[in-house]
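Taking it in order: structure first as structure tokens, then the write-up.
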There are 2 protein chains.
Amino acid sequence: MGRDISIDPMPRSLTLKDIARHAGVSRATVSLVIRNSPRVAKETRSRVQSSIAALGYVYDRAAANLRSRTTHTIGLVVCEITNPFYAELTAGIDEVLDRAGFVAFLANTAESPERQDRFISRMREHKVDGLLLSPAEGTDPSIVDDMHRLGLPVVEMLRHLGGKNADHVGVDFRLGMTLAAEHLIRLGHKRIAFVGGGRRASPSRDRAAAYRQTLARYGLAAGPVIDCMPTREEGARAVGRLLEGDRPTAVLCYNDICAFGVMLGLADRGLTPGRDMAVIGFDNIAEAALYRPALTTVAVGGRLIGQEAANLLLRRIKAPDGAPEMIVMPPKLIVRSSCGARPNHH
Amino acid sequence: MGRDISIDPMPRSLTLKDIARHAGVSRATVSLVIRNSPRVAKETRSRVQSSIAALGYVYDRAAANLRSRTTHTIGLVVCEITNPFYAELTAGIDEVLDRAGFVAFLANTAESPERQDRFISRMREHKVDGLLLSPAEGTDPSIVDDMHRLGLPVVEMLRHLGGKNADHVGVDFRLGMTLAAEHLIRLGHKRIAFVGGGRRASPSRDRAAAYRQTLARYGLAAGPVIDCMPTREEGARAVGRLLEGDRPTAVLCYNDICAFGVMLGLADRGLTPGRDMAVIGFDNIAEAALYRPALTTVAVGGRLIGQEAANLLLRRIKAPDGAPEMIVMPPKLIVRSSCGARPNHH
DNA sequence: TTGCTTTGTTGGATCGATCTAACGGCTCCC
DNA sequence: GGGAGCCGTTAGATCGATCCAACAAAGCAA
């Protein structure tokens, strides 16, 4: 809540009253002009507008907020802004909000639920109109319902906490992983491993489940499955365990970062990804096309998801009691060279 | 009218007055408790605090802002959030602001001065206490001075617009480029090219200048210099012109993204970076260590710069009339394998 | 006892906007 | 002629906090 120190106030600035006096009208009229009300006479409007321009008036949205109970402000809580996928997501959100005249408070939780709680309550203090949340690993699933009960619209992005009346924009991770697995199966692979399925969040569970189901559907045994956090380091380390015993010929990875780690680990052991072992990632971050061998991966379009989420939140703010929406974006398989097939160019 | 048993969908939000009544004190006292004033009796304080907890009160910072003329809010205007370097910068800023109880409005200008102007005026309307600005390409240099005159503290990050009373946190790009060039010269290179110097912003000018000066200092002729935007695509395309005529043996690049493009372009022509041509980047983004060959580059520590900038802005907000500070962070050369030398492990 | 500080608390004014109800002046229509 | 309706405008109340001057109670000195 409160901080201990108070900061020197800024110099007094112009108010509606000053404009009103200058233009010879009332404060209320100036207010109507600023808000583009149609109920103001043309002549009055232009007189007021030139007064505004002449005096260099700056609208005080903070003051307006107090009375109108709406801030044109949303809270953007991101689990890891330094992950390029979430940076894209953020850029997409920013675009949409900009067009709608909204501004976002940014909070980077760095996957810490404590930071996340602190940020959310700070944003409630700032009276944001809504919240865009990509929940940190280990988030208490009840918070979305809590916020909903307190009248604060929330749109979950990607990870789904399981509340029933929750707005959500996500990706059909199962479909994505299924496409990737089927591609490997079509190429003739029989032993297909999975790296990075150890997390409890929904994207992780979905991908691992789709991996198992698809293999089962084609009569193949699953495994080995190596749990690890999605970092390059852990991905590289996972390769050690991957090569123990009956060696797989292909690896599906939880995400691209993970896949980079695996390719790195393979290279360090003298194996060439795409030739000695097929590798497929997930997310299609910018580096995927750049890497050599270029990474076959599943594209989910971070920017697009951000745009969808921002639009959904704006709709929800306008209609708080509308039916919850769950938007699921279909992913695409982007075939490059890390899986040993010839790249297609769609 | 008016006798129905209507259940409020959203309970009216609590105010200081409600807490005051519940705790049997005045509004002013509750306010003092919230702001940790020492002038409240211990017993009163704890009584008020338990009332706050019991009723689930949420402090309304927006209302407080109006009276106190300070919002504990800053504007963060970033030129391209999807560039991993700026994502790191943002994460560093977020850390510092969090600890100080500030929140940032995020704006991603995507290098558009028009978007930037719009964002800045929107933030002025929201009465931010200060601005962290990494100016978009082509920003009108006068805006920093304008904001200063209007009483809004601004800290420039990285690019320097040239105003005299401007706070600025940057990197000694000249030193960084000098270190890189001297490293290549020590390795025996005589024809050293430069790719990506075409932009007008200060980081670009500084790097290109240091390149020329260092070569001159060692009696070497500069060139070829290929102008291009810092994208992978343009970097790759630049390789074509690089190989025309008298072929250089080493390339200094404007930044890592550019260097990745160059390496890609070399590989596409059957040349191996680090063996057939030395390549050095700039920024040390996360992918630099990951790429093969791993990229030799100059590290400037985006996160650290963000932290310094945020701290400087907080100082400036506390003391608006203090002397302007220019903080220059020294970069380090990170030797990996793309320049053909054995990596050191410092 | 009186006079002076210190400590803790308070009611009322205030920040700069929006909201509400009402106003004067006008037209329309029976 | 007068009631109804519309239009552009307005004064005053209001949002939920902070600031300020005043004040009661307690402590201390003379």
Side-chain angles (χ1 to χ4, degrees), chain A residues 1-49 51-52 55 57-73 124-129, chain B residues 10-49 51-52 55 57-73 124-127 129:
Chain A
M1 252 181 277
R3 309 302 305 178
D4 313 22
I5 32 120
S6 67
I7 293 169
D8 285 344
M10 300 233 296
R12 201 191 76 83
S13 52
L14 293 167
T15 74
L16 280 192
K17 208 157 151 187
D18 300 307
I19 305 300
R21 186 167 29 228
H22 187 267
V25 294
S26 72
R27 288 171 3 255
T29 302
V30 180
S31 177
L32 291 172
V33 169
I34 288 174
R35 287 177 290 157
N36 289 319
S37 162
R39 312 185 75 89
V40 183
K42 228 189 216 162
E43 195 276 334
T44 313
R45 172 183 305 279
S46 67
R47 190 150 40 93
V48 169
Q49 277 167 339
S51 290
I52 288 175
L55 301 185
Y57 166 75
V58 178
Y59 181 60
D60 188 332
R61 213 170 273 270
N65 294 344
L66 180 58
R67 189 70 235 268
S68 65
R69 326 247 0 96
T70 170
T71 59
H72 281 81
T73 281
R124 285 184 62 207
E125 295 184 354
H126 280 285
K127 295 279 132 80
V128 293
D129 290 340
Chain B
M10 198 222 314
R12 195 186 65 84
S13 72
L14 295 165
T15 75
L16 280 192
K17 207 154 149 191
D18 301 305
I19 305 301
R21 185 168 31 229
H22 187 268
V25 293
S26 73
R27 286 169 7 256
T29 302
V30 179
S31 177
L32 291 173
V33 169
I34 288 173
R35 287 177 293 155
N36 292 322
S37 161
R39 310 184 78 88
V40 183
K42 227 189 220 158
E43 196 275 332
T44 312
R45 172 184 305 280
S46 66
R47 189 151 40 93
V48 170
Q49 277 167 338
S51 290
I52 289 176
L55 301 186
Y57 167 75
V58 178
Y59 181 61
D60 188 333
R61 215 172 270 271
N65 294 344
L66 180 58
R67 188 72 239 265
S68 65
R69 323 277 313 117
T70 172
T71 59
H72 283 83
T73 282
R124 285 183 63 207
E125 294 185 352
H126 279 285
K127 295 279 132 79
D129 290 339

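Just so we're on the same page: letters track the sequence lines, and every chain starts at 1.
- Residue B/Arg21 holds its CZ atom at 10.0 Å from CG of B/Leu14, rounded to the nearest 0.5 Å.
- Here the CG-CZ distance, from A/Asp60 to B/Arg124, works out to 11.5 Å after rounding to the nearest 0.5 Å.
- The main-chain N or O of A/Thr70 is never found under 3.5 Å from a side-chain atom of A/Asp129 such that the two would form a donor-acceptor pair.
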List the steps and the verdict of side-chain contact (heavy atoms from CB on, under 4.5 Å) for B/His126 and B/Thr73. CA-CA 9 Å; B/His126 279 285; B/Thr73 282; 5.8 Å; no

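- Nearest to the side chain of B/Arg69, among C/dG16, C/dC19, C/dG11, sits C/dG16.
- Contact between the side-chain N/O atoms of A/Ser26 and the OP1/OP2 oxygens of D/dT10 is found at a separation under 4.0 Å.
- Residue-to-nucleotide contacts include no donor-acceptor pair under 3.5 Å from the side chain of B/Arg39 to the base of C/dT7.
- When all heavy atoms of B/Tyr57 and B/Thr15 are compared, the pair lying nearest together is CE1-C, 3.8 Å.
- When the P atom of C/dC15 is taken as reference, atom CG of B/Asp60 falls 19 Å away, rounded to whole Å.
- Rounded to the nearest 0.5 angstrom, A/Arg47 CZ and A/Thr29 OG1 are separated by 9.5 Å.
- Between B/Arg61 atom CZ and D/dG16 atom C1' there is a gap of 14 Å when expressed in whole angstrom units.
- Rounded to whole angstrom, the span from the NZ atom of B/Lys127 across to the C1' atom of C/dA17 amounts to 10 Å.
- Between B/Leu55 and B/Asp18, the shortest heavy-atom contact is CD1-O, 4.1 Å.
- Checking C/dC15, D/dT10, C/dA17 against every side-chain atom of A/Arg67, the shortest atom distance belongs to C/dA17.
- Taking for each of B/Leu32 and A/Arg27 the nucleotide of DNA chain C with the nearest heavy atom, the 5'-most of the two is the partner of B/Leu32.
- For B/Glu125 and C/dA17, the CD to P distance is 11 Å, given to the nearest whole Å.
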Does the side-chain contact (heavy atoms from CB on, under 4.5 Å) test come out yes or no for A/Arg69 and B/Ser13, once each step is laid out? CA-CA 11 Å; A/Arg69 326 247 0 96; B/Ser13 72; 4.0 Å; yes

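- Within 4.0 Å of B/Ala63, counting heavy atoms only, lies at least one base atom of the nucleic acid.
- For the OP1/OP2 pair of D/dA17 and a distance below 4.0 Å, the side-chain nitrogens and oxygens of B/Tyr57 include at least one atom meeting the criterion.
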Atom pairs, N/O to N/O, protein against nucleotides 21-23 of chain D, distance under 3.5 Å?
none

Show, in sequence, the C-alpha distance, side-chain angles and deciding distance for B/Asn65 and B/Lys127, and conclude whether the side-chain contact (heavy atoms from CB on, under 4.5 Å) test is met. CA-CA 9 Å; B/Asn65 294 344; B/Lys127 295 279 132 79; over 6 Å; no

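- DNA chain C lies under 4.0 Å from no heavy atom of any residue of residues 40-49 of chain A.
- Distances from the side chain of A/Leu66 to the nucleotides D/dG16, C/dT14, C/dA17 place D/dG16 closest.
- Looking at A/Arg45, its side chain never comes within 3.5 Å of a backbone N or O of A/Asn36 through a donor-acceptor pair.
- At whole-Å resolution of the value, CG in B/Asp18 and C1' in D/dG16 are 11 Å apart.
- To the nearest angstrom, P of C/dT20 lies 11 Å from CZ of A/Arg35.
- Across all strands shown, B/Thr29 has heavy atoms under 4.0 Å from base atoms, whether or not it also approaches the sugar-phosphate.
- Distance, B/Asn65 CG to C/dA17 P: 14 Å, rounded to whole Å.
- As rounded to whole Å, 16 Å separates atom P of C/dA17 from atom NE2 of A/His72.
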